[in-house]
Amino acid sequence: MAARAAWVCRAWRLPLRAGSPRRGPAAVGGLWGGAAAAPRRPFSNDKVRVELEESTGVAVVKLKSPPVNSLSLELLTEFSISLEKLENDKACRGVILTSAVPKIFSAGLDIMEMHGKSKEHYAEFWKAVQELWLKLYDSSLVTVAAINGSSPAGGCLLALSCDYRIMAENPKYSIGLNETQLGIVAPFWFKDAMVSTIGHRAAERSLQLGLLYPAPDALEIGLVDKLVPEEEMQSVATQVMAQWLAAPDHARQITKSMMRKAAVEHLRKHRDSDIQNFVSFVSRDSIQKSLQMYVEMLKQKKA
Amino acid sequence: MAARAAWVCRAWRLPLRAGSPRRGPAAVGGLWGGAAAAPRRPFSNDKVRVELEESTGVAVVKLKSPPVNSLSLELLTEFSISLEKLENDKACRGVILTSAVPKIFSAGLDIMEMHGKSKEHYAEFWKAVQELWLKLYDSSLVTVAAINGSSPAGGCLLALSCDYRIMAENPKYSIGLNETQLGIVAPFWFKDAMVSTIGHRAAERSLQLGLLYPAPDALEIGLVDKLVPEEEMQSVATQVMAQWLAAPDHARQITKSMMRKAAVEHLRKHRDSDIQNFVSFVSRDSIQKSLQMYVEMLKQKKA
Amino acid sequence: MAARAAWVCRAWRLPLRAGSPRRGPAAVGGLWGGAAAAPRRPFSNDKVRVELEESTGVAVVKLKSPPVNSLSLELLTEFSISLEKLENDKACRGVILTSAVPKIFSAGLDIMEMHGKSKEHYAEFWKAVQELWLKLYDSSLVTVAAINGSSPAGGCLLALSCDYRIMAENPKYSIGLNETQLGIVAPFWFKDAMVSTIGHRAAERSLQLGLLYPAPDALEIGLVDKLVPEEEMQSVATQVMAQWLAAPDHARQITKSMMRKAAVEHLRKHRDSDIQNFVSFVSRDSIQKSLQMYVEMLKQKKA
């Protein structure tokens, strides 16, 4: 498989050859990286780090694209490739998605990819966004989002695509599809995922206003499933994953697919028109100006 | 535009020429009518009063058809024309819908229009009901219902069609689609709006039983978004509207349209058959008798 | 009507001839069987007992197939026939569905019907499951589930198909679509009924994990509508039924049909493929092994 060739296997702590995991007495160590000799297969692209623990079948996928894990074309592509490899790896049954960057899960789609580029670039970018979503939302693996920081727009979409969402119990962290506030529009499949999660009424208000929910409000509205103290996120994510992995894989996978089929097919049937819509929308002068203003506001915030 | 010609511009308090609003130091006054020299364009039909405040872009639309704001053919037509004018008026960005009649928002469709008339009349009436709903539910303006009294059946539909619903905190006021109690059936698009707002299960029970919810119950079930003391309704409605107007218009409008498209198209595709259904249903002897009994019950209540 | 001929009229307590109910001073007695001379028409198959109280139009349908009211082909067939007769009986307006077996409402589909039998048998069995569901979910009668014991899988489906669910306030009783835990998959129409009742998000988690909810959790998630002390179930079920029967029948029936039409048509259109799916799924060696293990686990539990 072509994608397999792109699998970048870099050393991480203890170099381990894929397929020949070392098993030692310390195999019980934490999933997040503190353990000495856990039987893991770590892989790493530039912007996505994958640690697959063979004893449990659980991979931790960490976004590591500082400062805010913006979903650039590069990150999207690496993430898609990583997911595809895990999907095809019989040793893997579940994925915990989290961030290696403090205080931010993901800031969402990289505005620089939608600003001042060619139409071809916009089309390629949007196709990569669709591709990642289809892979994540339609994954046969158990997917748990460990939202350890703020998660607006596309960051929220990543979380919405998982099977379960835990979020750090920090009211400074917020989550939501706030596209409207930027003068842009969440596409129909972002909307479908939001409606499936919090219902039509809450989604309508939320999307029209572009609301960001502080963690406690996100829990109340059902946008996340559980709040936990930040220092307990890894242990709770591991427990949640164990609960989900206790269900027989095959039956769980067919059930998941049945639940998500309509939304997945909705996008698959309209991928091209969705790309065209995005390109023509984002190419408008008014939208480019709007994004320009936003970019400058971000720059001022930093300064 | 033809409809424009029908725009009845009557003097209200201080005559103001449209397009040349007077701006003065007292422009901060209340939206509902207490202010001295606010830059407003007041218009009024017989049954609908419209006050557009140019400084904010917010129009207050008040139903004023005592005793109970029944949705007669005349009121429906005036309301539709008013909405169309506001939709086409660049000075208008939002509508607050409320009642000028104490204790009642709207009692719903005027039963006298469905009773003892010709089939042609029933068809004309029903078309007007559809037309108003399509204009209100699919409006690109921000629409806030300030429900300052009871709101059964068609009155509830008006409220359901807005973007946000505040209701007077008075348990004597109730709201709901209670058609079943009258022996008639809420049409599929009333149902669609109800399901979108409170979910399938609550809507099923609510519609089968024809339930009317006192204000506190309506809040709990999600049929309204907020309860406020009656004397604070105007200020809260104004605050809510300001929050909604803070979102960029264009992105908000596209988002709203995306959320409501399915329900709007559902009716647009079946308008004729929906009219035929209504006419044949309401023409039945049994339904006419049922409505007759209801009309007489109402008369006895008055006496 | 052919089905009519199958109506088995057995004596129960006081023999009453169908069509000539005795009306006496004690007619107020409890629906569940304590009354002395209530004007009832009791009927009974081997596994389903029907008591129709003519004064109220309410039939109590009790599943009586110990030890756990498994939905065998025989029970499904008798239940369908009973429902069809009640549907066609003008004296009947509502059905209270409950169990005559202590601590269990229904354990769901009889695994023995899916295990070690011919493909023809599996097909016949599945058709009977579909048939019962279509009759119950699409019934024009008011249907109230009085869930007086645990109700997993197919037992939960029966409850979901009623208009209202009351459950005994006993945390030892649980309810849910737990098929996944058995290594099998709830079909799309079980899923549709679950989504309509508790929403997409809760249904997705619930079905993927095969969750069983103790009564208090079932209330919280909206899987049942009301908890009552077990000794009050009959009186509360009777009160609830009276509330539902207060709505005009004709309008309520059309409304119910409108609410459930999409789900009913979804199955009607795909009945054959749904049967084929079930037969090919359940015929797999892996599924047969999985069911075999479950059967043996049940045997060990008993021993």
Side-chain angles (χ1 to χ4, degrees), chain B residues 109 111 114 152-153 176-212 217 220-222 262-263 266-267 270 273-274 277-278 280-282 284-294 297, chain C residues 93-94 137-145 159-166 191-203 206 218-226 239-266:
Chain B
L109 303 183
I111 288 180
M114 320 187 214
L177 294 177
N178 63 325
E179 281 79 354
T180 313
Q181 287 294 342
L182 282 60
I184 58 176
V185 177
F188 71 86
W189 37 290
F190 285 49
K191 181 263 290 178
D192 287 347
M194 192 71 158
V195 168
S196 289
T197 306
I198 65 172
H200 191 279
R201 168 58 192 151
E204 188 181 278
R205 178 166 168 259
S206 182
L207 289 177
Q208 279 206 59
L209 296 178
L211 296 177
L212 286 175
D217 299 349
E220 201 186 330
I221 206 174
H266 196 183
L267 177 56
H270 299 94
S273 63
D274 184 54
N277 280 344
F278 174 76
S280 81
F281 183 79
V282 87
R284 287 187 208 167
D285 285 351
S286 59
I287 301 302
Q288 285 294 313
K289 271 180 201 160
S290 189
L291 293 173
Q292 175 67 27
M293 280 170 58
Y294 191 73
M297 193 191 76
Chain C
R93 298 177 60 215
Y137 191 72
D138 200 27
S139 172
S140 71
L141 304 169
V142 173
T143 51
V144 173
L160 282 174
S161 308
C162 291
D163 292 317
Y164 197 86
R165 288 161 283 286
I166 64 175
K191 181 263 290 177
D192 286 347
M194 193 70 158
V195 168
S196 289
T197 306
I198 65 172
H200 192 278
R201 167 60 192 152
S206 182
L219 179 68
E220 201 186 331
I221 206 173
L223 190 46
V224 300
D225 297 300
K226 198 183 190 75
Q239 287 161 24
V240 166
M241 179 59 80
Q243 188 201 11
W244 283 72
L245 291 180
D249 273 347
H250 188 62
R252 185 192 51 70
Q253 287 162 355
I254 298 176
T255 303
K256 178 174 181 176
S257 175
M258 173 177 67
M259 294 300 303
R260 301 193 163 192
K261 195 181 170 189
V264 167
E265 285 185 356
H266 196 183

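Because the structure is a prediction, the values reported are computed rather than measured. Naming convention: chains lettered A, B, ... in sequence-line order (proteins, then strands); numbering from 1 in each chain.
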Trainee: Does any heavy atom of chain C fall under 4.5 Å from the side chain of B:Leu211, the backbone, both, or neither of them?
Mentor: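 The answer is the side chain of B:Leu211.
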Trainee: Can you tell which of C:Pro248, C:Ala246, C:Ala247 has the highest number of heavy-atom pairs within less than 4.5 Å of chain B?
Mentor: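 Option with the greatest count: C:Pro248.
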Trainee: Please indicate whether B:Glu220 has more than 12 foreign heavy atoms, meaning atoms of other residues, nucleotides or ligands, lying under 6.0 Å from its CD.
Mentor: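 Counting other residues, nucleotides and ligands, CD of B:Glu220 stays at 12 neighbours or fewer.
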Trainee: For the interface with chain B, which of C:Asp249, C:Val142, C:Asp225 has the highest count of heavy-atom pairs at distances below 4.5 Å?
Mentor: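 Sorted descending by pairs with chain B, the first entry is C:Asp225.
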Trainee: Any idea which of C:Lys261, C:His250, C:Gln253, C:Arg260 has the most non-hydrogen atom pairs under 4.5 angstrom with chain B?
Mentor: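 Option with the top pair count is C:Arg260.
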Trainee: For the CG atom of B:Leu209 and the CZ atom of C:Arg252, what is their distance to the nearest 0.5 Å?
Mentor: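 Reported to 0.5 Å precision, the distance equals 8.5 Å.
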Trainee: Is B:Met297 atom CE crowded by more than 12 heavy atoms from other residues, nucleotides or ligands, each under 6.0 Å away?
Mentor: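 Buried by this count: over 12 neighbours within 6.0 Å.
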Trainee: For a 4.5 angstrom cut-off between non-hydrogen side-chain atoms, does C:Thr255 reach B:Lys191?
Mentor: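 Side chain of C:Thr255 against side chain of B:Lys191, heavy atoms only: no contact under 4.5 Å found.
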Trainee: Among the options B:Gln181, B:His200, B:Gln208, B:Arg201, pick out the one with the most heavy-atom pairs lying under 4.5 Å from chain C.
Mentor: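 Highest number of heavy-atom pairs under 4.5 Å: B:Gln208.
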Trainee: Which bit of B:Ala203 comes within less than 4.5 Å of chain C, counting heavy atoms only: side chain, backbone, both or neither?
Mentor: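 When you check distances to chain C, atoms from both the backbone and side chain of B:Ala203 fall under 4.5 Å.
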Trainee: Which region of B:Ile184, side chain (C-beta onward) or backbone (N, CA, C, O), has a non-hydrogen atom less than 4.5 Å from a non-hydrogen atom of chain C, or is it both or neither?
Mentor: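 Just its backbone gets close to chain C.
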